[in-house]
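What follows is a single structure, written as structure tokens, with notes after it.
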Amino acid sequence: MLLNSCVGRFVNLQLSVCSSIKGSLQSGSTISWVRNFQTTSCLHKVVVARPKKTKRRTNPVTYEEIHPPHFIAVRKGFNSLNTSNLLAGTRSGETAIEDMFIRKFIEGTWHRLLLGKLIIKRRANLIILSGFFHQSLAPSKFYFLQGYTEEILAYVLKCPVKMEIMTCSDRKALVVTHV
Amino acid sequence: MNLSRFCVSNAASFHEDEDYERMPFLPQPKKPARPKRAAIYRNVMPPRYLQMATNQNWNDVWPAAKSFNPSSVPLPVFMGWLKGQPRLGKFNNPELVKIPNFFHLTPPNIKKQCMALKKFCSPWPEGLETDEKIEKHFPVEIVTRDYCHASPTIRDPRARTITMRFKLSQLELDDHSRDKIIRLLGKRYNPLNDLVTIETSSCPFKKQNIDYAFYLLTVVYYESWKTESWEELKEPQDWERFFFEKSSSRKKILDFLKTVDINAETKKEDIKEYEEAIKDIVDNQENDETVDAYGRSVAKLLFSQVK
């Protein structure tokens, strides 16, 4: 789609340049205006990360989903808080990969329990994982999963990992509206 | 449809004899629906803030930094924005969990932590009350930098860079070596505040760079005291300021005094005045004032005897 739109743009550009040359030739003057070629990738800000809308407004969406990415730090916060992406921050690539690994790990380990998105906060070498989990497990199993996750992730990521768990009895607790 | 009607009409004959298997093409009787799994209701404790006393010690509730917990915060907190809807409360609100909070930094908590740290503090050393005294006793200032990241490593390549600062007037230098050290230091010397700044980052570690900076200081100091053979070629036109002792005008004035049989020792003060006047006119600006002062000093030196 992106490629098509780019090609379309290019064709339009050529046509406009041709017509301008033609016009200038007819009028007998020299070309004084040259159009620049823009290679910046499209951000698709208008359509990106929007939840699918339904006819009868039956699609439940959370606060996180209803606000598109350009509202980060305006109406909603970051889901990963670290210093890597600040100016002169170090190891931004490693941090991003680690965050994706943690999210996948939590998705599998806490299967069907995590509501909404996981919040990954980094303070010094400590990684703090916060999230809302459904109360469909016995508390003892919650404690086991918490200890298991902390131990395994600390071993893999070579730094202490802490989980701050919040639980909800309702699976749709984070839903704020329907679209 | 026809078939089922046929079955119904002949139902009596089928059911009477049970040895017959049910015809496979007949519709299967509907299975009872699978029983719905009963929802598990656990006894969840009510939020903690409902049981909190109003005169409790908040430090016990929130002793250290942690994420927001709605059941322990006895405040009506709201966060978020939704079009045409009321603001979201503190329960089930991930936005409140994302942001850092300062519930552990209440004034009594800070005071308590300061009191706990106080026993590790020592009094300020005597004799170092003012900046001037500190500068006198510790003339060299070394600036090091540490970087704190949210990452598993504390290493940062930028932390190796160090800056050494001192005032040039702290070094023991004469006219020649002071001029030479300024030329050697180049842009590292700031004439406005007389400060020398040496920044080193060649070595991999901070300690090595500090040692290297002291090595550079030693080298540049002793180098400035050396006088090379080519430095003797420097002519009066190259002088950065007027040296009366080495100048031809001193030689001439002494020769003149000798020819008119005047002892230079008796004219010592006049020669000093002449020296000041000529230095002023060469080093600074030539204007009416300096020219007048020069004229007066010359007249006093040469013709005071005549008067």
Side-chain angles (χ1 to χ4, degrees), chain A residues 62-64 66-67 71-72 74-84 86 88-92 94-95 98 115-132 135-139 154 157-160 162-170 172-177, chain B residues 37-49 62 64-73 77-105 145-161:
Chain A
T62 62
Y63 185 86
E64 173 74 31
I66 203 163
H67 292 300
F71 279 119
I72 291 175
V74 181
R75 289 183 194 164
K76 66 176 184 179
F78 287 95
N79 282 328
S80 299
L81 288 107
N82 52 60
T83 59
S84 297
L86 300 178
T90 54
R91 65 193 297 286
S92 55
E94 287 91 333
T95 303
E98 280 173 15
L115 311 174
K117 294 278 195 296
L118 188 73
I119 299 158
I120 304 172
K121 289 193 269 193
R122 285 160 192 266
R123 193 189 302 147
N125 69 337
L126 177 69
I127 299 177
I128 301 157
L129 309 177
S130 312
F132 288 84
Q135 288 171 358
S136 56
L137 274 189
L157 303 173
K158 305 282 181 282
C159 58
K162 209 170 124 185
M163 281 199 86
E164 286 172 348
I165 292 172
M166 272 143 286
T167 58
C168 310
S169 56
D170 184 8
K172 290 185 175 177
L174 301 187
V175 172
V176 290
T177 185
Chain B
R37 192 197 240 174
I40 306 165
Y41 292 102
R42 296 181 197 287
N43 289 328
V44 181
M45 292 281 282
R48 189 180 159 193
Y49 75 92
W62 213 287
K66 65 171 178 176
S67 294
F68 183 80
N69 191 355
S71 59
S72 339
V73 179
V77 189
F78 298 88
M79 191 165 176
W81 181 89
L82 282 169
K83 194 178 181 184
Q85 286 191 41
R87 290 175 297 164
L88 300 174
K90 60 179 176 176
F91 286 100
N92 303 332
N93 193 346
E95 297 306 309
L96 281 168
V97 181
K98 287 177 189 176
I99 55 163
N101 64 60
F102 297 101
F103 286 121
H104 61 293
L105 293 178
R145 298 164 192 89
D146 290 307
Y147 293 86
C148 184
H149 295 294
S151 80
T153 175
I154 56 167
R155 311 283 168 221
D156 191 303
R158 288 169 294 172
R160 72 183 195 281
T161 310

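Side chains are part of it too, since the values below use all heavy atoms of this structure and drop only hydrogens, waters and symmetry mates.
Note that the CD atom of A:Glu98 and the OG atom of B:Ser151 stand 9.0 Å from one another [nearest 0.5 Å]. Going from atom CE of A:Met166 over to atom CG of B:Asn93 covers 11.0 Å, rounded to the nearest 0.5 Å. Here the CD-CD distance, from B:Glu95 to A:Glu64, works out to 6.5 Å after rounding to the nearest 0.5 Å. To the nearest 0.5 Å, atom CG of residue B:Leu82 and atom NE2 of residue A:His67 are 5.0 Å apart. To the nearest 0.5 Å, atom OH of residue A:Tyr63 and atom CD of residue B:Gln85 are 10.5 Å apart.
Only the side chain of B:Asp156 comes within contact range of chain A, judged by heavy atoms closer than 4.5 Å. Only the backbone of A:Phe78 has a heavy atom closer than 4.5 Å to any heavy atom of chain B. Both the backbone and the side chain of A:Lys76 come within contact range of chain B, judged by heavy atoms closer than 4.5 Å. Heavy-atom distances place no part of A:Leu118 under 4.5 Å from chain B, backbone and side chain included. Residue contact with chain A, scored on non-hydrogen atoms closer than 4.5 Å, involves the backbone and the side chain of B:Val97 alike. With a 4.5 Å cut-off on non-hydrogen atoms, B:Ser71 does not touch chain A at all. Looking at B:Leu88, the atoms closer than 4.5 Å to chain A (heavy atoms on both sides) all sit in the side chain, from C-beta outward. Proximity to chain B (any heavy atom under 4.5 Å) is shown, for A:Thr95, by neither the backbone nor the side chain. In this structure, chain B has a heavy atom under 4.5 Å from the side chain of A:Ile66, while its backbone stays farther away.
The main-chain N or O of A:Gly89 is never found under 3.5 Å from a side-chain atom of B:Tyr147 such that the two would form a donor-acceptor pair. The backbone N or O of B:His149 sits nowhere less than 3.5 Å from a side-chain atom of A:Thr83 that would complete a donor-acceptor pair. Of the possible polar contacts, none joining the A:Arg91 side chain to the B:Thr153 backbone as a donor-acceptor pair under 3.5 Å is found.
What you find for A:Asn125 and B:Pro152 is that their closest heavy atoms are CB-CA, 3.8 Å. When all heavy atoms are compared, the tightest approach of A:Asn82 to B:Ala150 is CA-CB, 4.5 Å.
With chain B as partner, the option from A:Arg122, A:Lys158, A:Lys121 having the largest number of non-hydrogen pairs under 4.5 angstrom is A:Lys121. When the candidates A:Leu174, A:Leu86, A:Ile128, A:Ile127 are compared by the number of heavy-atom contacts under 4.5 Å with chain B, A:Leu174 comes out ahead. Per-residue heavy-atom pair counts under 4.5 Å with chain A were compared for B:Pro157, B:Gly80, B:Pro100, B:Cys148, and the maximum is reached by B:Gly80. Between chain B and the residues A:Ala138, A:Pro160, A:Gly116, A:Ser169, the most heavy-atom pairs under 4.5 angstrom are made by A:Ala138.
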Worksheet entry | side chain to side chain contact (heavy atoms under 4.5 Å, CB included) evaluation trace for B:Lys83 with A:Thr177 | CA-CA 10 Å; B:Lys83 194 178 181 184; A:Thr177 185; over 6 Å; no
